Amino acid sequence: MIRINGEHIVPGPRERVYALLQDPDFLAQAIPGVKNLQRVDDTTYEAELTLGVGPIRGTFQGRVRLADQNPPESFSLHLEGQGSVGFVKGVGRITLEEVPEGTRLVYEGESEAGGRIAQVGQRLIQSVARKMISDGLKKLDEAVQSA
């Protein structure tokens with residue numbers, strides 16, 4: 001089980017941050033490796049994602065489902081993906097709080113991986129996850145500031 005958490009200050013209003021995090025077009029650009037992200041219904045997306053962890057690289061097909069939506073304060077993400085190098089699944093919770101500098105985004109979650117991708121080790125998977133989150137938060141900052 002891989003646990004990850006952190007927080008980030010987004011330089012913009014909470015309503016704008018929440019709306020971007022619900023927008024499949026923005027998410028497709030902000031999540032590194034996403035090749036395709038299609039809305040299935042109001043809370044579910046189908047995704048195709050290329051992911052590399054150490055020497056192992058593969059394409060995953062999966063679903064992302066939004067739950068526990070409490071706009072503009074919080075929501076949960078449930079994800080499952082499977083590919084030729086294994087599977088990933090996880091749950092994350094995002095909370096947004098207004099602060100003088102903009103919006104404090106707090107995230108926490110846990111995931112698990114199986115198959116060849118799990119053989120690289122928890123520390124390397126965690127490092128890749130943190131890099132993906134960091135890259136996505138930079139894109140979120142840019143999108144909020146360009147509005």
Side-chain angles (χ1 to χ4, degrees), residues 1-53 56-115 117-118 122 124-147:
M1 185 73 64
I2 300 164
R3 296 183 198 282
I4 198 157
N5 59 47
E7 66 178 65
H8 176 77
I9 302 295
V10 182
R14 179 169 64 168
E15 290 77 12
R16 175 80 175 133
V17 173
Y18 189 91
L20 282 168
L21 293 173
Q22 307 292 309
D23 180 348
D25 293 332
F26 169 73
L27 292 174
Q29 296 172 11
I31 301 170
V34 169
K35 294 173 140 184
N36 190 17
L37 186 66
Q38 296 291 321
R39 184 180 289 228
V40 174
D41 58 36
D42 288 345
T43 60
T44 307
Y45 304 93
E46 288 186 350
E48 181 178 353
L49 170 77
T50 298
L51 182 63
V53 180
I56 298 175
R57 176 169 294 277
T59 299
F60 291 84
Q61 303 283 334
R63 283 191 170 225
V64 178
R65 185 175 57 83
L66 303 174
D68 308 318
Q69 293 174 295
N70 184 23
E73 297 176 8
S74 62
F75 63 95
S76 296
L77 287 170
H78 298 256
L79 62 98
E80 293 183 21
Q82 184 134 14
S84 60
V85 294
F87 74 88
V88 293
K89 63 182 180 179
V91 176
R93 175 107 179 125
I94 295 174
T95 304
L96 304 173
E97 175 187 354
E98 291 181 15
V99 294
E101 303 86 3
T103 302
R104 179 192 329 258
L105 184 154
V106 178
Y107 60 90
E108 60 182 353
E110 55 188 39
S111 65
E112 63 180 288
I117 199 162
Q122 184 174 346
L124 187 54
I125 293 173
Q126 212 164 26
S127 174
V128 169
R130 288 196 183 284
K131 172 78 170 119
M132 291 178 70
I133 290 169
S134 175
D135 290 349
L137 290 172
K138 285 179 188 169
K139 299 247 175 152
L140 180 60
D141 289 352
E142 292 168 7
V144 167
Q145 289 176 326
S146 69

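All values reported here derive from a predicted model rather than from experimental measurement. The analysis underlying the following values was restricted to heavy atoms, covering all of them including side chains, and did not include hydrogens, waters or symmetry mates.
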Do you know the tightest heavy-atom contact between Ser76 and Asp68? OG-OD2, 3.1 Å
Do Phe75 and Tyr18 have their ring centres less than 6.0 Å from each other? yes
4.5 Å side-chain heavy-atom contact, Pro11 and Gln145: yes
Enter the distance from Arg63:CZ to Tyr45:OH here, rounded to the nearest 0.5 Å. 12.5 Å
Counting only heavy atoms not in Asp41, do more than 12 fall under 6.0 Å of its CG? yes
Is there a side-chain contact between Ile117 and Leu51 (heavy atoms, below 4.5 Å)? yes
Between Leu20 and Ala143, what is the shortest heavy-atom contact and its length? CD1-CB, 3.8 Å
Walk me through it: do Ser74 and Arg93 pass the test side chain to side chain donor-acceptor pair (under 3.5 Å)? CA-CA 7 Å; Ser74 62; Arg93 175 107 179 125; 3.0 Å; yes
Given side-chain contact (heavy atoms from CB on, under 4.5 Å), test Ile9 with Leu105 step by step and report yes or no. CA-CA 6 Å; Ile9 302 295; Leu105 184 154; over 6 Å; no
Pairwise side-chain contact, Glu97 with Val106, heavy-atom cut-off 4.5 Å (strictly under): no
Please check this pair: side chain of Thr44 against backbone of Arg65, looking for a donor-acceptor N/O pair closer than 3.5 Å. no
Please find the pair of heavy atoms, one from Ala118 and one from Ala113, that lie closest to each other, and give the distance. CB-O, 3.4 Å
Please say which of Val34, Leu37, Val64 ends up in a side chain to side chain contact (heavy atoms under 4.5 Å, CB included) with Leu27. Leu37
Hey, are Gln22 and Gln69 close enough side-chain-wise for a donor-acceptor pair under 3.5 Å? yes
Looking at Arg104 and Glu7, is there a salt bridge between them, counting it only when a charged N and a carboxylate O are closer than 4.0 Å? yes
N/O donor-acceptor pairs under 3.5 Å from side chains in residues 125-133, not counting sequence neighbours:
residue, atom, partner, partner atom, Å
Gln126, NE2, Arg3, O, 2.5
Arg130, NH1, Asn5, O, 3.4
Lys131, NZ, Asp135, OD1, 2.9
Lys131, NZ, Asp135, OD2, 3.2

Please determine if Lys89 and Glu80 form a salt bridge, counting it only when a charged side-chain N lies under 4.0 Å from a carboxylate O. no
Can you confirm whether Val144 sits close enough to Glu142 that some side-chain heavy atom of one is under 4.5 Å from a side-chain heavy atom of the other? no
pair Leu77-Val91: side-chain heavy atoms closer than 4.5 Å: no
Flag the pair His8 / Leu137 as yes when at least one side-chain heavy-atom distance between them is below 4.5 Å, and no otherwise. yes
Nearest heavy-atom neighbours spanning Ile2 and Gln122: CG1-CG, 3.7 Å
Heavy-atom pair of closest approach, residues Arg39 and Pro24: NH2-CD, 3.2 Å
